[in-house]
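Any value given below was found using the heavy atoms of this structure, including those in side chains, with hydrogens, waters and symmetry copies removed.
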Amino acid sequence: MSAGTRRFGDGARKALAIHCSLAHSGAWRGLGQGIGEKLSLTAIDLPGHGTSPAWDKQRDLTALSLSDAAPYLTEPVDVIGHSYGAVVALLLAVSRPEMVRSLTLIEPVFFAVTKVDAPDALARFMHVSKPYEAALHKGDWEDAARAFNRLWGSGVAWADIPAAARRYMTDRIHLIPAQHAAILDDSHALLAPGRLARARMPVLLIKGAQSPEIAGSIVDALAHRMPDARSVTIAGAGHMSPITHPEAVGQALLSFLKVA
């Protein structure tokens with residue numbers, strides 16, 4: 001197992017958590033501590049994040065993320081993912097459904113589904129993403145990280161984020177376009193006929209009431225397409241709800257798992 005890990009809680013149920021882009025396994029600390037009496041949470045570092053090895057820029061990043069996460073499925077566990085980590089979690093669920101007892105997806109950034117179900121919402125999102133795309137095109141990594149944070153961050157202004165955290169995000173912003181084939185073009189064929197139907201486990205989709213429109217569109221599209229899915233909205237939260245609203249997310253998770 002090459003992924004770095006952190007562990008939270010000592011509850012009887014085992015769970016695997018996969019963080020969002022530009023974060024690390026420590027992003028689950030607040031949630032993990034809040035539900036620690038019920039769950040034993042193993043949080044992994046995605047490739048290039050935390051203490052995991054840097055991405056070699058050769059292998060498909062999403063395939064590498066899957067291969068890093070799969071060894072932690074040694075028995076059926078509850079799988080929880082956030083943002084890009086939720087796309088990885090969804091791919092785990094359709095590829096190894098017998099090992100995923102339940103699936104919780106917090107605003108998966110699977111934009112490909114909106115090409116079919118919500119093209120207008122996708123077009124609006126692509127328009128507001130232009131500053132980020134322009135910075136990437138110029139190779140201005142800090143400006144790209146700033147623009148990305150404006151789109152998907154917790155609402156804290158870039159200048160108010162500690163310098164070390166700004167550097168961490170800037171140093172990893174190149175990982176975002178490396179995800180595009182999977183999340184924009186569906187290179188792993190999640191939308192192939194019958195693929196999502198493989199995820200027959202109970203599925204909880206979580207969105208924030210203050211999140212970007214496109215996040216809600218993705219959640220709604222997946223909720224309609226998966227066999228046993230339900231969705232909840234976290235009041236007052238945006239895209240970073242596991243960090244900004246861990247108690248509310250934890251309550252929704254425990255209620256879904258019926259271990260509250």
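Of the possible donor and acceptor atoms, one in the side chain of Ser187 sits under 3.5 Å from a partner among the backbone N and O of Ala181. A donor-acceptor pair under 3.5 Å links the side-chain atoms of Arg166 to the main chain of Ile161, judged by distance alone. Listed for the Ser217 side chain is a donor-acceptor partner under 3.5 Å among the backbone atoms of Glu213. At least one donor-acceptor pair closer than 3.5 Å links the side chain of His174 to the backbone N or O of Asp171.
Counting heavy atoms from C-beta on, the side chains of Leu103 and Leu204 never come closer than 4.5 Å. Under the 4.5 Å side-chain criterion, counting only non-hydrogen atoms from C-beta, Val113 is not in contact with Leu190. In this structure, the side chains of Ser83 and Glu107 stay at 4.5 Å or more apart for every pair of heavy atoms. Considering only heavy atoms from C-beta on, Arg29 comes within 4.5 Å of Phe8 through its side chain.
Cation-pi geometry between Arg172 and Tyr168 is satisfied (NZ or CZ under 6.0 Å from the ring centre, within 45° of the ring normal).
Other residues, nucleotides and ligands contribute more than 12 heavy atoms inside 6.0 Å of the CZ atom of Arg230. More than 12 non-hydrogen atoms from other residues, nucleotides or ligands lie less than 6.0 angstrom from CD of Gln33.
Taking the charged nitrogens against the carboxylate oxygens, Lys115 and Asp186 have no contact shorter than 4.0 Å, which rules out a salt bridge. Under the 4.0 Å criterion applied to side-chain N and carboxylate O atoms, Arg200 and Asp228 are not assigned as salt-bridge partners. Using a 4.0 Å cut-off between a side-chain N of Lys or Arg and a carboxylate O of Asp or Glu, Asp140 and Arg146 do not qualify as a salt bridge.
In the hydrophobic cluster analysis, where Ile, Leu, Val, Met, Phe, Trp and Tyr join through side-chain heavy atoms closer than 4.5 angstrom, Leu22 is grouped together with Leu136.
Applying the side-chain contact (heavy atoms from CB on, under 4.5 Å) test between Leu253 and each of Ile80, Asp78, Ile206 identifies Ile80 as the sole match.
With no hydrogens or angles considered, no side-chain donor-acceptor pair links Thr5 and Tyr72 at under 3.5 Å. No hydrogens or angles considered: a donor-acceptor pair under 3.5 Å links the side chains of Ser25 and Asp45. Using modelled atom types, one finds no donor on one side chain facing an acceptor on the other under 3.5 Å when comparing His224 with Asp117.
The two residues Ser21 and Tyr84 come nearest to each other via the heavy atoms OG-CB, 3.3 Å. What you find for Gly11 and Ser40 is that their closest heavy atoms are O-OG, 2.6 Å. The minimum heavy-atom distance linking Ser65 with Val88 is given by the pair CB-CG2, 3.9 Å.
Checked against ring-ring contact (aromatic ring centres under 6.0 Å, His included), His239 has the following partners two or more places apart in sequence or in another chain: His82, Trp152.
Distance check, rounded to the nearest 0.5 Å: CG of Leu90 to CE of Met226 gives 5.0 Å.
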